[in-house]
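Positions are given from 1 along the sequence. These figures come from a predicted structure and were not determined experimentally.
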Amino acid sequence: MKRTMIVLCSIIFVVIILSGCTTTKGKAGQAVPTEQDLQTALASIPSEIHVKYDGGNEYAIVSMAEIAEIMDLLNSNHYEIIELPEAVGQKFVLQLGNELTYTSPGYLSMDNKLYQAQFEPISEQLAEYIEGLVKRE
């Protein structure tokens with residue numbers, strides 16, 4: 001019985017310690033954004049989203065319904081931190097505020113870190129939605 005209590009207390013202690021970790025240390029002791037930090041940034045709804053497309057054209061999305069749709073699509077994907085993009089070229093760039101930028105074909109950047117979307121169908125759905133908004137302009 002005493003042994004079981006010690007093991008149980010040890011497991012609880014480890015879980016408590018690990019659950020408090022939200023960032024890791026990068027070069028020179030700087031905090032590196034984690035996926036949790038990215039999800040927190042995505043949870044905030046911007047008042048507008050700026051779209052850059054076709055070699056410099058810009059479009060501001062101010063409709064809350066359109067912004068909500070974009071944020072829902074971004075939040076429904078999962079992201080993995082990467083060093084370099086696998087694909088070259090882009091159809092558009094979304095400036096989401098708070099130094100958060102989405103670049104087609106599925107990259108988010110925040111605090112000088114790059115994240116790649118893991119579900120391509122969601123990225124394609126977002127691209128189609130943005131292209132539809134831009135064409136309607």
Quiz item: Should L42 and L108 be marked as a side-chain contact (heavy atoms from CB on, under 4.5 Å) after you check the CA-CA gap, both sets of side-chain angles, and the distance that decides it?
Solution: CA-CA 10 Å; L42 283 172; L108 275 171; 3.9 Å; yes
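- Rounding to the nearest 0.5 Å gives a distance of 7.0 Å between CG of L100 and OG of S109.
- Side-chain contact check for L133 versus V51: every heavy-atom pair is 4.5 Å or farther apart.
- The structure places CD of E69 at 9.0 Å from CG of L126, a figure rounded to the nearest 0.5 Å.
- Summarising the geometry, atom OH belonging to Y129 is positioned 8.5 Å from atom CG belonging to L73; distances are rounded to the nearest 0.5 Å.
- Contact check for I45 versus M64: side-chain heavy atoms found under the 4.5 Å cut-off.
- When side chains are defined from C-beta on, L114 does not count as touching I81, because their heavy atoms never get closer than 4.5 Å.
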Practice problem: Walk me through it: do L96 and L74 pass the test side-chain contact (heavy atoms from CB on, under 4.5 Å)? | Solution: CA-CA 11 Å; L96 303 165; L74 289 171; 3.7 Å; yes
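- Between Y107 and S123 there is no side-chain heavy-atom pair separated by less than 4.5 Å.
- Atom CZ of F92 is separated from atom CG of N57 by 14.5 Å, given to the nearest 0.5 angstrom.
- Considering every non-hydrogen atom in both I67 and I61, the closest pair reads CD1-O, 3.5 Å.
- Taking 4.0 Å as the cut-off between side-chain N and carboxylate O, E66 and R136 count as a salt-bridged pair.
- Note that the CD atom of Q125 and the CG atom of N77 stand 10.0 Å from one another [nearest 0.5 Å].
- Inter-residue side-chain proximity for I49 and Y102 is flagged as unmet; no heavy-atom pair is nearer than 4.5 Å.
- Taking every heavy atom of both residues into account, A41 and M110 meet most closely at CB-SD, 3.6 Å.
- Rounded to the nearest 0.5 Å, atoms OH (Y79) and CZ (F119) are 10.5 Å apart.
- Looking at heavy atoms from C-beta onward, T101 lies out of side-chain contact with L94 at the 4.5 angstrom threshold.
- You'll find the side chain of Y115 reaches within 4.5 Å of the side chain of K113, heavy atoms only.
- The two atoms that bring M71 and S44 nearest to each other are CE-O, 3.7 Å, heavy atoms only.
- At most 12 heavy atoms of other shown residues, nucleotides or ligands fall within 6.0 angstrom of atom CD in E120.
- Side chain to side chain, H50 and E48 meet the donor-acceptor criterion of an N or O pair below 3.5 Å.
- Summarising the local packing, CD of Q118 is surrounded by more than 12 heavy atoms from other residues, nucleotides or ligands at distances under 6.0 Å.
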